[in-house]
Protein chains: 2
Amino acid sequence: MSASRTARERVRAELIREITDIARRHLATEGATGLSLRAVAREMGMVSSAIYRYFPSRDDLLTALIIDGYNALGEAAEKADAACARDDYTGRWLAVCHAIRGWALAHPHEYALLYGSPVPGYRAPEDTIAPAARDTAVYGRILADANTAGRLVPPAILPEPPAIIAPDAEAIRMLIPGVSDDVITRAVTAWTGLFGMVSFELFGQFVGTIDHRAEFFEHNMTGLARLLGLPA
Amino acid sequence: MSASRTARERVRAELIREITDIARRHLATEGATGLSLRAVAREMGMVSSAIYRYFPSRDDLLTALIIDGYNALGEAAEKADAACARDDYTGRWLAVCHAIRGWALAHPHEYALLYGSPVPGYRAPEDTIAPAARDTAVYGRILADANTAGRLVPPAILPEPPAIIAPDAEAIRMLIPGVSDDVITRAVTAWTGLFGMVSFELFGQFVGTIDHRAEFFEHNMTGLARLLGLPA
DNA sequence: TATCGTCAAGAGCAGTGCTCTCGAATTCTG
DNA sequence: CAGAATTCGAGAGCACTGCTCTTGACGATA
């Protein structure tokens with residue numbers, strides 16, 4: 001009986017996959033607000049109301065795309081990290097930076113969906129949290145590895161972090177075990193700096209000022225690596 | 001004759017102001033995609049088509065709001081800077097950081113319009129470029145002042161910027177006259193780091209990890225000040 | 001074979017941006 | 001000052017959106 005049941009479920013899963021594929025294509029060309037359930041249905045040769053059998057609302061379809069996006073970005077980061085020598089910590093950091101930037105440039109609308117302004121009226125459900133942490137997990141592992149190898153030596157140019165942020169640091173330490181609060185605040189600085197730079201480039205803030213964006217990015221990420229205390 | 005002419009123009013200008021005011025209120029509550037010309041017209045007791053006499057399209061209304069937003073943010077930065085002692089360069093930088101973060105937290109949807117994902121199908125016209133540079137002008141002045149006073153001493157922990165970014169640095173030097181290419185790349189790092197942190201906080205990336213956001217922000221901006229070479 | 005759940009289709013509601021036309025008011029001109 | 005020209009608000013209408021509800025058909029299950 002489960003055979004016939006899975007038969008139904010299989011065609012259902014296949015349809016869901018087809019919907020998300022088309023939706024992702026529309027998202028890539030039109031952007032988030034241009035994503036229309038009716039247009040997706042039209043392309044599938046379906047009537048619009050039929051889509052609602054598979055996605056109860058537009059937001060649910062958006063959620064599926066967001067989860068896919070986080071996973072794709074996380075996978076890109078993982079692959080870039082895996083291609084480096086394990087003890088080349090700076091190289092791993094830079095590889096992840098370039099992977100994230102590269103993915104963002106290749107999928108601007110998807111990146112905007114993940115790290116841009118939240119879609120109004122849309123509230124990210126719990127399901128998106130786990131995949132969202134996939135790239136930061138890669139990042140944390142690099143820093144933790146460098147730290148345990150004794151290769152994370154932050155330059156003493158910063159004041160000590162205030163004691164009040166200790167609980168926050170404790171939470172972040174789950175991703176970067178073994179490091180000091182000082183390293184954790186530096187890690188947040190570098191991480192936000194990375195995405196700040198990618199977002200500025202992608203959202204047009206560099207138009208007219210910075211042309212050699214890859215080189216500028218590379219240099220700045222190297223600088224953040226130094227601030228983190230990664231070896232030169 | 002110019003009196004009667006300005007009579008018409010005056011009521012026209014007044015109506016435009018009223019439209020943008022209502023639109024800004026709607027934007028603040030509903031967000032950019034929730035901004036509806038018909039809703040604005042309804043609130044004005046106008047019929048929807050009449051709005052098009054004043055704003056040829058929704059994008060034009062959006063452009064007006066964007067320009068207003070850049071000016072409001074720039075003014076907040078200017079005021080924060082002006083309230084500091086001229087030779088307290090670190091204090092001025094921190095004041096501008098907090099002003100920008102404060103404005104962003106107070107006007108999240110407007111901030112998203114300026115620094116979030118670009119509205120799909122919307123192309124920023126030339127008119128937005130000048131107001132957009134208002135806050136960066138404040139920033140550049142602080143660094144230039146510190147530099148001419150000999151109080152900008154960047155710690156020697158970074159490699160030299162590659163020669164290929166020299167033309168970009170030259171363009172940016174218009175905002176921060178007199179500084180080296182090295183300082184310019186650091187300035188970009190700090191500036192993108194500032195907005196990266198504000199965007200992360202505003203767009204929900206810190207939910208569940210960082211709770212003491214003001215303190216975390218303050219500490220990280222202080223760190224970026226050190227990286228810039230501003231005095232302790 | 002009869003039943004029951006799943007599904008696509010269609011109509012319909014309320015809303016959107018935007019265009020067009022048509023009178024009325026207002027401004028400019030002779 | 002009268003007539004011409006311009007500007008403006010109102011209304012209807014087009015094509016589109018997300019979403020709901022009902023209807024009828026198909027296929028799996030007992």
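A note on names: the letters A, B, ... follow the listed sequences, proteins ahead of strands, and every chain is numbered from 1.
- Distance from the side chain of A/Arg42 is smallest for D/dC16 among the nucleotides D/dA10, C/dG17, D/dC16.
- Between B/Tyr52 and C/dC20, a side-chain N or O to OP1/OP2 separation shorter than 4.0 Å is absent.
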Working for side chain to side chain donor-acceptor pair (under 3.5 Å), residues B/His109 and B/Glu30
CA-CA 8 Å; B/His109 287 115; B/Glu30 319 284 333; over 6 Å; no
Got a list of protein N/O to nucleotides 3-6 of chain C N/O distances below 3.5 Å?
none

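- Residue A/Ser57 is classed as a sugar-phosphate contact, given heavy-atom separations below 4.0 Å to backbone atoms only.
- Across all strands, B/Ser36 comes closer than 4.0 Å only to sugar-phosphate atoms, never to a base (heavy-atom distances).
- Dense packing is recorded around CE of B/Met44, with more than 12 heavy atoms of other residues, nucleotides or ligands lying under 6.0 Å away.
- Counting any heavy atom pair closer than 4.0 Å across all strands shown, A/Ile51 reaches no nucleic acid atom.
- Here the P atom of nucleotide D/dC19 and the CG atom of A/Leu62 are 11 Å apart, to the nearest Å.
- Among the protein residues, A/Phe55 comes within range of no part of the nucleic acid, since none of its heavy atoms lies under 4.0 Å from any strand.
- Between B/Arg58 and A/Ala50, the residue whose closest nucleotide on DNA chain C is further toward the 5' end is A/Ala50.
- For the pair A/Asp21 and A/Arg25, the salt-bridge criterion is not met [side-chain N within less than 4.0 Å of a carboxylate O].
- A cation-pi arrangement, defined by a distance under 6.0 Å to the six-membered ring centre and an angle within 45 degrees of its axis, is absent between A/Arg213 and A/Phe206.
- When rounded to the nearest whole Å, the span between CD of B/Glu9 and P of C/dT26 equals 16 Å.
- Listed in residue order, the members of residues 18-26 of chain B having a heavy atom less than 4.0 Å from DNA chain D come to none.
- Looking at heavy-atom distances under 4.0 Å, B/Leu35 makes contact with sugar-phosphate atoms alone, never a base.
- Evaluation of atom-type donor-acceptor distances gives no pair under 3.5 Å for the side chain of B/Arg38 against the base of C/dG15.
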